[in-house]
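Read the numbers this way: they start at 1 and go in the same order the structure lists the ligands and their atoms. Numbering starts at 1 and runs along the sequence shown.
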Amino acid sequence: MTQEIKTYGSIINGETVIKSDFDILELKNPYNNETIANMSLCTKKELDEAIDGAERAYHADMKRMPLHKRAEILTRAAELLKERTEDFAQTLSLEAGKPIRDARGEVGRAVQVLNFASDEAKTLHGELLPMDAAIGGENRLGMVRLYPIGVMGAITPFNFPLNLALHKLAPAVASGNAVVLKPALKTPLSALKLAQVFYDAGLPKEALQVIIAKGSEIGDDIVTDDRIAKITFTGSPEVGIKMRNKAGLKRITLELGSNSPNIIFEDADVDKAASSLVKASFAFAGQVCISSQRIFVHESIIDEFIAKFIPLVKQLKVGNPLDEDTDVGPLISSDSCERIYEWTQEAVKDGAEVLTGGSIIEGQMFEPTVVKNVNSSMKIVCQETFAPIVSIIPFKSDEDAVEKANDSDYGLQAGVFTKDINRAFKLSDELETGGVWINEVSTYRQDNYPYGGVKLSGYGKEGVKYAIRDMTEEKFVGINLN
Ligand SMILES: NC(=O)c1ccc[n+]([C@@H]2O[C@H](COP(=O)([O-])OP(=O)(O)OC[C@H]3O[C@@H](n4cnc5c(N)ncnc54)[C@H](O)[C@@H]3O)[C@@H](O)[C@H]2O)c1
Ligand SMILES: O=C[C@H](O)CS(=O)(=O)O
């Protein structure tokens, strides 16, 4: 029996909008290329209506919504999402090809983001600047007041379609803004379900609009629309840079790509580093912006590290993301799979040695791959691979490790393994990344700390409290007490 393929469309002012003249895009399961849904792509007219609706909701509902009410909506959304964990996990697994255990992990983190946002809503405040005579001032009182700024244009990538959408929605709601969300067309279903969670939790429907359309066709209209106060984008540097060039004076946060380094010193716990770096390098087939792509190992322990690392990589189970025991699933597209195969071949031609993997298994599945004898001009090292491949690179000294790790156009997050606290602090000073983890992998993230990159990895911070800073306007109000 063939299963009926459902058609989904944008949610404009709380209603799903599907029209007969809209283009239809088939959404494919990256594991077996079967069609899982039809996506009805809206046009600029519907985008216009969505922005109008969001602007109305901002003025009528959101900007003066009591903080306790915002917190209540966010807490309720967290509860509903938790209750719907399995449904969301299955959706993420089907649309993104994410191993089901990792998909459940993403839902769990998304619940936390909502709870962090609820806490922020409860405590959102500006500050008092005492200038009065009693403390020797010129008898004035200053206040810094925080105001929401309007409609957020949120554009999100395919790889964490739930959690990364929430990193924009949750702080926006906490701070009294409205949102027009444009999820990646490869993974739009979780965003549509997420909107339903918010509506069920009591968010006014016009305050969250979901646009199902091609970014390349509709993106500029979102970025340049005067009714949108801020663009919050997570995705590739290529798209992010174009947006920044078009955004003019509009606020913009860019969470972009990386080729994250992890550095293992000779005094590190090699077993711990090896086992945690397997997950860090191959989780979600390396399609994580802070995936471990370059592992730098002190030359005195590199053979020991490789001897411990490779057998663990070989144990990874590659297969159907919906199987409970799958560790590594498919890449998001056949283009990604072919690209990484070509980059690996190119590196081998230039002298790299493949220690394990290196081939396409079938379809969009690439073998977990470890390479050595690489140099910094090979694409598998200097570009973002976004694939299950990691390079192991020797270094001689602390300075050499820092120089090699910083020899990158990117700078998102780094991992350092050492027992020497002075060295750990020195490295955290000198690594050119937005975040440094000591005795933890670059891929670790907790959703409440300031997160964002330098160089081509982007501009601005997420992590609810820090995202709110750029979703609010600090206005100074002073009173003359004389
Ligand atoms: N720094 C972070 O927090 C972070 C997190 C996740 C992913 N990423 C990065 O995202 C990339 C992978 O995701 P992707 O392939 O979905 O990225 P992408 O840049 O191709 O797409 C991201 C979003 O931008 C939209 N888009 C495409 N062209 C556009 C245009 N011209 N104008 C406006 N929007 C447009 C897409 O439809 C999608 O919604 C990687 O580079 C990864 O490192 C970064
Ligand atoms: O892909 C990069 C994301 O930042 C991953 S996470 O959701 O923050 O872990």
Side-chain angles (χ1 to χ4, degrees), residues 25 39 41 47 92 96 98 102-103 105-110 112-113 153-168 180-188 191 210-225 228 231-247 252-260 280 283-291 293 331-333 335-336 339 383-387 409-413 433-435 441-463 467:
L25 190 97
M39 304 311 300
L41 309 185
L47 172 66
L92 289 170
K98 182 167 290 187
D102 294 338
E106 180 173 351
V107 183
R109 284 184 54 198
Q112 285 186 36
V113 171
I155 302 178
T156 50
F158 78 83
N159 64 336
F160 285 80
L162 177 65
N163 198 36
L164 296 177
L166 271 175
H167 267 289
K168 303 175 186 318
V180 173
L181 170 67
K182 199 219 76 64
L185 257 192
K186 290 169 189 148
T187 53
V210 187
I211 295 295
I212 303 297
K214 285 191 180 156
S216 54
E217 287 175 9
I218 219 155
D220 284 0
D221 294 283
I222 300 177
V223 175
T224 57
D225 195 298
I228 291 190
I231 296 296
T232 166
F233 173 73
T234 303
S236 60
E238 192 191 350
V239 174
I241 289 165
K242 275 192 213 149
M243 282 185 182
R244 173 126 200 208
N245 290 336
K246 293 197 171 121
I252 185 162
T253 296
L254 299 174
E255 298 283 345
L256 311 178
S258 192
N259 60 353
S260 295
F284 192 31
Q287 299 169 116
V288 183
C289 55
I290 38 181
S291 193
Q293 186 176 321
L331 285 161
I332 193 69
S333 66
D335 282 356
S336 299
R339 172 184 53 79
Q383 301 213 11
E384 180 181 44
T385 53
F386 233 53
D409 290 337
Y410 301 98
L412 191 47
Q413 203 157 261
T433 51
V441 291
S442 63
T443 321
Y444 184 86
R445 179 182 180 192
Q446 189 176 294
D447 296 273
N448 59 349
Y449 68 75
Y451 178 81
V454 298
K455 305 188 200 171
L456 271 190
S457 293
Y459 176 82
K461 298 287 177 197
E462 290 195 337

query = Hey, which residues fall under 4.0 Å of ligand 1 on heavy atoms?
reply = Ile155, Thr156, Pro157, Phe158, Asn159, Leu164, Lys182, Pro183, Ala184, Gly215, Ser216, Gly219, Phe233, Thr234, Gly235, Ser236, Pro237, Val239, Met243, Glu255, Leu256, Gly257, Cys289, Glu384, Phe386, Leu412, Tyr451
inquiry  = Both conditions, 6.0 Å and 45 degrees, for the charged tip of Lys461 above the ring of Tyr449: are they met here?
reply    = no
query = Would Lys455 count as a cation-pi partner of Tyr410, with NZ or CZ less than 6.0 Å from the six-membered ring centre and within 45° of the ring normal?
reply = no
Within a strict 4.5 Å, meaning less than it, do heavy atoms of the [X] and [Y] side chains meet?
X: Leu412; Y: Ile290; result: yes
X: Asn163; Y: Asp447; result: yes
X: Val223; Y: Asp221; result: no
X: Ile222; Y: Leu47; result: yes
X: Gln293; Y: Ser291; result: no

side-chain hydrogen bond (donor to acceptor under 3.5 Å, both in side chains) partners of residues 235-246, not counting sequence neighbours, each pair once = Asp220-Lys246
key: Residues in contact with ligand 2, criterion: heavy atom under 4.0 Å   = Arg109, Asn159, Phe160, Asn163, Leu164, Val288, Cys289, Arg445, Tyr451
key: Tyr459: partners by ring pair (Phe, Tyr, Trp, His ring centres under 6.0 Å), with sequence neighbours left out   = none
